[in-house]
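One structure is given below, encoded as structure tokens.
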Number of protein chains: 2
Amino acid sequence: MARRRTPIATEAELELLRLLWSLGPSTVRELREALARLRPTGYTTVLKLLQIMAERGLVRRDESERAHRYEAVAAEVEFQTRFLDHLTDSLFGGSTSRLVQRALTDGAVSAEELAEIRALLDEAEGAGEGAS
Amino acid sequence: MARRRTPIATEAELELLRLLWSLGPSTVRELREALARLRPTGYTTVLKLLQIMAERGLVRRDESERAHRYEAVAAEVEFQTRFLDHLTDSLFGGSTSRLVQRALTDGAVSAEELAEIRALLDEAEGAGEGAS
DNA sequence: TGCGGGCTACGAGGGAATTCGTAGGATGCC
DNA sequence: GGCATCCTACGAATTCCCTCGTAGCCCGCA
């Protein structure tokens, strides 16, 4: 009967969060307009979704003006972290490195980006020094 | 009204797939027993889920014996790839390297694993020579 | 004051995900 | 044969997600 609550956020919620991260605090109208380019959606659909997200603690809202302004509670980076943690557990047996290896094997990464990743590795190795 | 079909696989489906990957082709009973340790579930619940997954092409089944034997259609690696592709698009703006950077920053990765990742980087750099 | 437009609140409604109960068929054992 | 047991098939029940329609409120303006 029951259905386990979707972990972290649903697809539609994620879509709005992405907009909020890129636009900053926004009204329903603004979000709906930004969303329209990708996927036309009714005004009250967006509104309702935001109300639910507010209840769930995904967004907060400023009611000081007539058109309420919504804002993502978690920063984008926090969210990415949470998602990766979840994915690491659920699909990579808890191993971050296996995830990274899979991503590097599959994804197209430019030489520049590879260099950045390499720098991160250096940092991680330096930080881990003497930790054991 | 409509609700977009969950991408790739639902949580419950993923749980069964994980079992199938680790156990190999299994019967409903075997899966249910393996699952019971994590989350007690009715026999017919598991059966129904597998039937649906078979319909959706996530598993195939061997009916040569009375107790049908189910098997994951996609290998674990294929699935991980598909998930990472999806996640890269939906949460990292299509940038694999950003995903990797986030994972490396957050996750605990041993020195040994770091070395493995470094080797992968070397490989990727070699292969990517000439690409922008 | 009356009207139009914009905003929020609320709830209905349909499809999907997940749960399980019940029925019915096969199988093995006495 | 008759019974207990195990299996599949099927569909009901429940919850969640997502959609939007409608109602009601407020504000500005003629």
Side-chain angles (χ1 to χ4, degrees), chain A residues 1-20 25-71 83 86 90, chain B residues 1-20 25-71 83 86 90:
Chain A
M1 355 271 212
R3 188 175 172 271
R4 295 181 305 234
R5 179 66 174 87
T6 295
I8 311 176
T10 67
E11 286 285 314
E13 287 168 349
L14 194 52
E15 201 159 30
L16 283 180
L17 283 175
R18 261 178 293 167
L19 288 177
L20 285 172
S26 310
T27 63
V28 174
R29 171 160 305 274
E30 289 162 356
L31 289 170
R32 174 175 134 87
E33 274 165 17
L35 193 54
R37 284 166 223 145
L38 314 171
R39 192 164 57 79
T41 311
Y43 183 94
T44 54
T45 301
V46 179
L47 171 63
K48 179 70 161 190
L49 214 32
L50 286 167
Q51 287 170 342
I52 292 171
M53 290 169 75
E55 253 177 44
R56 294 189 54 205
L58 290 173
V59 300
R60 70 174 67 89
R61 73 176 175 183
D62 172 4
E63 308 184 2
S64 63
E65 295 185 56
R66 194 156 87 90
H68 299 172
R69 198 163 278 278
Y70 293 84
E71 180 183 6
F83 248 92
H86 181 69
S90 71
Chain B
M1 347 255 210
R3 187 179 174 266
R4 296 181 305 234
R5 177 66 174 84
T6 296
I8 311 178
T10 67
E11 286 285 314
E13 287 168 347
L14 195 52
E15 201 160 32
L16 282 179
L17 283 175
R18 260 178 294 166
L19 288 177
L20 286 172
S26 311
T27 64
V28 174
R29 172 160 304 274
E30 288 162 356
L31 289 170
R32 175 175 133 88
E33 273 165 16
L35 192 55
R37 285 167 223 143
L38 313 170
R39 191 164 57 79
T41 310
Y43 183 93
T44 54
T45 300
V46 179
L47 171 64
K48 179 71 161 188
L49 214 33
L50 286 167
Q51 287 171 342
I52 292 172
M53 290 169 74
E55 253 177 45
R56 294 190 54 206
L58 291 172
V59 299
R60 70 174 67 90
R61 72 175 175 183
D62 172 4
E63 307 184 2
S64 64
E65 294 186 57
R66 193 155 88 90
H68 299 171
R69 197 162 280 278
Y70 292 84
E71 179 183 7
F83 250 93
H86 181 70
S90 71

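In what follows, every chain begins at residue 1, and chains take the letters A, B, ... in the order their sequences are listed.
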- Message: Just so I know, are the side chains of S26(B) and L19(B) near enough to count as touching, which here means a heavy-atom distance under 4.5 Å?
- Response: no
- Query: Within this structure, what is the CG-to-P distance between L14(A) and dC17(D), rounded to whole angstrom?
  - Reply: 14 Å
- Message: Expressed as a whole number of angstroms, how long is the span from E11(B):CD to dT18(C):C1'?
- Response: 13 Å
- Please report, rounded to the nearest Å, how far the P atom of dC7(C) is from the CD atom of E33(A). 9 Å
- Item | Atom pair NE2 (H68(A)) and OG1 (T27(A)), whose distance is rounded to the nearest 0.5 Å | 11.0 Å
- Query: Would you find more than 12 non-hydrogen atoms of other residues, nucleotides or ligands less than 6.0 Å from E63(A) atom CD?
  - Reply: yes
- Message: Given dA9(C), dT8(D), dC7(C), identify the nucleotide with an atom nearest to the side chain of A67(A).
- Response: dC7(C)
- Quick one: I8(A) CD1 to dC17(D) P, roughly how many Å, whole number? 13 Å
- Note on the structure: Rounding to 0.5 Å, atoms CD (E11(A)) and CD (E15(A)) come to a distance of 8.0 Å
- Nearest-neighbour nucleotide for the T41(B) side chain, dC20(C), dA9(D), dC17(D) considered: dC20(C)
- Under 4.0 Å between a Lys/Arg side-chain N and an Asp/Glu carboxylate O for R69(A) and E71(A)? no
- Query: Can you tell me how far C1' of dA9(C) sits from CD of E55(A), to the nearest Å?
  - Reply: 12 Å
- Does R69(B) have a side-chain nitrogen or oxygen under 4.0 Å from the phosphate oxygens OP1 or OP2 of dC7(D)? no
- Query: Could you give the CD-to-P distance, from E65(B) to dC6(D), as a whole number of Å?
  - Reply: 17 Å
Run the side-chain donor-acceptor check on residues 44-54 of chain A: report pairs under 3.5 Å with partners two or more places apart or on a different chain.
none

- Task: Check the distance between dA9(C)'s C1' and R61(A)'s CZ and give it to me in whole angstrom.
- Result: 9 Å
- To the nearest angstrom, how far is L35(B) atom CG from dC20(C) atom C1'? 15 Å
- Is the shortest heavy-atom distance from the side chain of L14(A) to the side chain of S90(B) under 4.5 Å? yes
- Message: It should be established whether T10(B) places a side-chain nitrogen or oxygen under 4.0 Å from OP1 or OP2 of nucleotide dT18(C).
- Response: yes
- Query: Can you tell me if CZ on R37(B) sees more than 12 non-hydrogen neighbours from other groups inside 6.0 Å?
  - Reply: no
Enumerate the protein-to-nucleotides 24-30 of chain D contacts in which both atoms are nitrogen or oxygen and the separation is below 3.5 Å.
none

- Could you state the interatomic distance from CG (L16(A)) to OH (Y70(A)), rounded to the nearest 0.5 Å? 10.5 Å
- Which residues in residues 43-54 of chain B have at least one heavy atom lying under 4.0 Å from any atom of DNA chain D? Y43(B), T44(B), L47(B), K48(B), Q51(B)
